[in-house]
Amino acid sequence: MKSIDHPYFGHLEVPPVDGTEVIWEGTAALGSSEVEIQLWADPGCGLDAGELDAFATHLDHLPALDTAARAAIRKNLEQDRYFIDHHADELDDVEVIKHLTREANGEAISVDAFTAAMHPVGIGLWHLIGEEEARIVMDYTIDAAASDELLAVKVARDGAVVSVDWES
């Protein structure tokens with residue numbers, strides 16, 4: 001299907017060029033953050049109503065998706081603290097790191113405190129593109145103004161977390 005009218009996303013059309021493009025943009029409130037959302041599509045794939053319905057359901061239940069993503073981030077950071085330690089060393093003059101360091105009271109910044117301080121900055125919805133399992137990518141940062149490094153939480157259509165990847 002080259003175009004579709006969807007109850008959540010409105011009128012969508014497959015991009016006419018040879019390449020993946022954003023076909024819808026929006027925002028959503030998540031806690032105290034405003035998160036940018038982009039729906040990507042590939043001209044060779046058409047549009048699938050079931051896939052779009054699954055995205056809409058996840059966006060309607062964004063707090064639950066955020067909870068699952070943060071649990072995966074926490075588990076990832078418990079296994080490897082380097083993301084935390086890197087930010088503590090490189091961004092020691094940034095207010096959020098100063099605050100976490102004070103709270104740690106001479107100890108290493110805790111995984112729980114660091115995870116709680118991270119905030120989502122973007123959500124990519126990948127319509128039938130790339131890895132079959134990872135359809136939703138939620139990008140989390142500790143401070144978007146001070147660092148372009150983030151943890152990308154990749155989520156399957158059913159809401160299961162597939163991976164947590166350090167990206168910049």
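Ion pairing between a basic and an acidic side chain is recognised when a charged N comes within 4.0 Å of a carboxylate O; D93 and K98 show no such pairing.
Note: D85 CG to L77 CG = 9.5 Å, rounded to the nearest 0.5 Å. Residue F9 holds its CZ atom at 8.0 Å from CD1 of I37, rounded to the nearest 0.5 Å. Annotation: the span from Y8 atom OH to F55 atom CZ amounts to 12.0 Å, rounded to 0.5 Å. Interatomic distance, CG of L62 versus CG of L30, reported as 4.5 Å (0.5 Å rounding).
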Evaluate the criterion ring pair (Phe, Tyr, Trp, His ring centres under 6.0 Å) for residue pair H6 and W24; output intermediate values, then yes/no. CA-CA 11 Å; H6 191 269; W24 179 87; 9.6 Å; no
Applying salt bridge (charged side-chain N to carboxylate O under 4.0 Å, His left out) to E95 and R102, what does each step give before you reach the verdict? CA-CA 10 Å; E95 192 55 42; R102 280 191 306 273; 3.4 Å; yes
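Between I123 and V137, every side-chain heavy-atom pair lies at or beyond the 4.5 Å cut-off.
Heavy atoms of other residues, nucleotides or ligands lying less than 6.0 angstrom from NE2 of H86 number more than 12. For E36, the CD atom is loosely surrounded, since the number of other residues' heavy atoms within 6.0 Å does not exceed 12.
Considering V96, D92, I109 as possible partners of T101, the one that fulfils the side chain to side chain contact (heavy atoms under 4.5 Å, CB included) test is I109. With respect to I142, the side chain to side chain contact (heavy atoms under 4.5 Å, CB included) criterion is satisfied by exactly one of L100, V94, L150: L100.
Of the possible polar contacts, none joining the S147 side chain to the D143 backbone as a donor-acceptor pair under 3.5 Å is found.
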